[in-house]
Amino acid sequence: MTDFAFFERLPETLDTERLLLRAPASEDAADIARLANNRKIHDNLARLPHPYTLADAEQFVARSAKSHADGTNPEHVWAIHTRDENFIGMISLNFHTGEPAVLGYWLGEPYWGEGFASEAVAAIVEASDMAGLPMLSARVITTNKASIAVLAKAGFVTIGEAIDDCGPHKGIAITSLQRERRL
């Protein structure tokens, strides 16, 4: 079975006690830009430019919509909203042939420390288990202890630490984590 088969089995929306996860929409772009244009978030993510503009957010939403529609970019992205439809962050699974899907997420700084990340990650982990994904992986800057704790709470275990040798985190310690599917 190809990785894309798993991709197609993931739900478009997920509901949790306090959150609604759904595909990013054009009406999210302004909030994405406002929250993502934060050096503290940028410094912890491999693929987020800084400054982050409305044009960046609009391109991201368009690329995500295309991925959902035709699978050209094997990344399943959900916008994280509170129950009252307040956009608070993003979470995704990125697929690469022959490798575990990579979980990534970020929350806007006003929403840190409220358990939203743990709730969103738990929803994605459960959905990936239901879709039959055998394993998930994640990479976190080692000093980001809060994110490592969120992943550990969801059943991820540390499999190694290394100094990143390329990209925006070249020379920075990165912790790699994995989680095997629970039957």
Side-chain angles (χ1 to χ4, degrees), residues 7-8 10-95 101-128 131 136-141 143-151 153-154 156 167-169 172 177:
F7 178 95
E8 292 174 330
L10 291 165
E12 291 299 312
T13 61
L14 294 162
D15 290 300
T16 71
E17 182 180 333
R18 300 180 298 159
L19 302 174
L20 171 65
L21 283 63
R22 61 163 175 72
S26 57
E27 62 266 16
D28 296 325
D31 288 329
I32 293 170
R34 178 179 53 81
L35 292 174
N37 190 32
N38 180 325
R39 178 59 79 176
K40 292 177 187 175
I41 293 171
H42 164 79
D43 287 349
N44 283 297
L45 298 178
R47 299 184 309 164
L48 192 74
H50 187 78
Y52 194 89
T53 66
L54 180 58
D56 291 323
E58 289 168 340
Q59 289 172 359
F60 171 78
V61 169
R63 188 175 60 250
S64 296
K66 185 174 187 205
S67 177
H68 280 261
D70 66 11
T72 55
N73 175 22
E75 182 176 29
H76 204 304
V77 181
W78 295 266
I80 305 169
H81 292 263
T82 59
R83 283 292 184 182
D84 60 358
E85 280 295 307
N86 190 24
F87 173 84
I88 64 171
M90 302 297 301
I91 190 164
S92 68
L93 289 173
N94 209 318
F95 292 82
V102 180
L103 174 69
Y105 65 91
W106 64 267
L107 288 181
E109 188 175 5
Y111 306 100
W112 293 355
E114 297 189 34
F116 291 128
S118 293
E119 194 168 329
V121 167
I124 298 302
V125 163
E126 182 178 341
S128 71
L136 296 176
S137 67
R139 289 174 30 108
V140 180
I141 292 177
T143 57
N144 188 347
K145 300 300 183 193
S147 194
I148 292 171
V150 164
L151 293 164
K153 185 176 179 180
F156 283 78
H169 299 131
I172 295 174
L177 302 101

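Remember, it's a predicted structure, so these values are computed and weren't measured experimentally.
Listed by first and then second residue, the salt bridge (Lys or Arg N to Asp or Glu O under 4.0 Å) pairs involving residues 48-59 amount to none (not counting sequence neighbours). For residues 43-63, the pairs satisfying ring-ring contact (aromatic ring centres under 6.0 Å, His included) are His42-His50, with sequence neighbours left out. Counting only residues at least two apart or on different chains, the salt bridge (Lys or Arg N to Asp or Glu O under 4.0 Å) pairs with a member in residues 101-112 are Lys40-Glu109.
Atom CG in Leu107 sits 9.0 Å away from atom CH2 in Trp112 (nearest 0.5 Å). If you take CG on Leu136 and CG on Leu177, they are separated by 11.5 Å, rounding to the nearest 0.5 Å. Rounded to the nearest 0.5 angstrom, Asn94 CG and His76 NE2 are separated by 12.0 Å. Taken to the nearest 0.5 Å, the CD1 atom of Ile32 stands 11.5 Å off from the OG1 atom of Thr53. A distance of 10.0 Å separates CD of Glu114 from OG1 of Thr82, quoted to the nearest 0.5 Å. Here the CH2-CD1 distance, from Trp106 to Ile88, works out to 9.5 Å after rounding to the nearest 0.5 Å.
Between Ser147 and Val140, the shortest heavy-atom contact is CB-CG1, 3.9 Å. Closest approach of Pro11 to Trp78, counting heavy atoms only: O-NE1, 3.1 Å. In terms of heavy atoms, Leu48 sits closest to Ala36 at CD2-O, 3.7 Å. Minimum interatomic distance between Leu103 and Ile124 (heavy atoms only, all atoms of both residues): CD1-CG2, 3.8 Å. For Leu19 against Leu21, the heavy-atom pair with the smallest separation is CB-CD1, 3.8 Å. Heavy-atom minimum distance, Met90 versus Ala79: SD-CA, 3.8 Å.
A donor-acceptor pair under 3.5 Å is formed between the side chain of Glu119 and the backbone N or O of Arg18.
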Next item on the list: Show the numbers, then the answer: is there a side chain to side chain contact (heavy atoms under 4.5 Å, CB included) between Tyr111 and Leu35?
Entry: CA-CA 10 Å; Tyr111 306 100; Leu35 292 174; 4.1 Å; yes
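Applying the side chain to side chain contact (heavy atoms under 4.5 Å, CB included) test to Thr143 and every residue at least two apart in sequence or in another chain returns Ile141. In this view, Ala25 and Arg22, Glu27, Asp28 satisfy the side chain to side chain contact (heavy atoms under 4.5 Å, CB included) rule, not counting sequence neighbours. Under the side chain to side chain contact (heavy atoms under 4.5 Å, CB included) criterion, Asp43 pairs with Arg39, not counting sequence neighbours.
Using a 4.5 Å heavy-atom threshold, the side chains of Leu10 and Phe95 count as touching. You'll find the side chain of Arg83 reaches within 4.5 Å of the side chain of Asp15, heavy atoms only.
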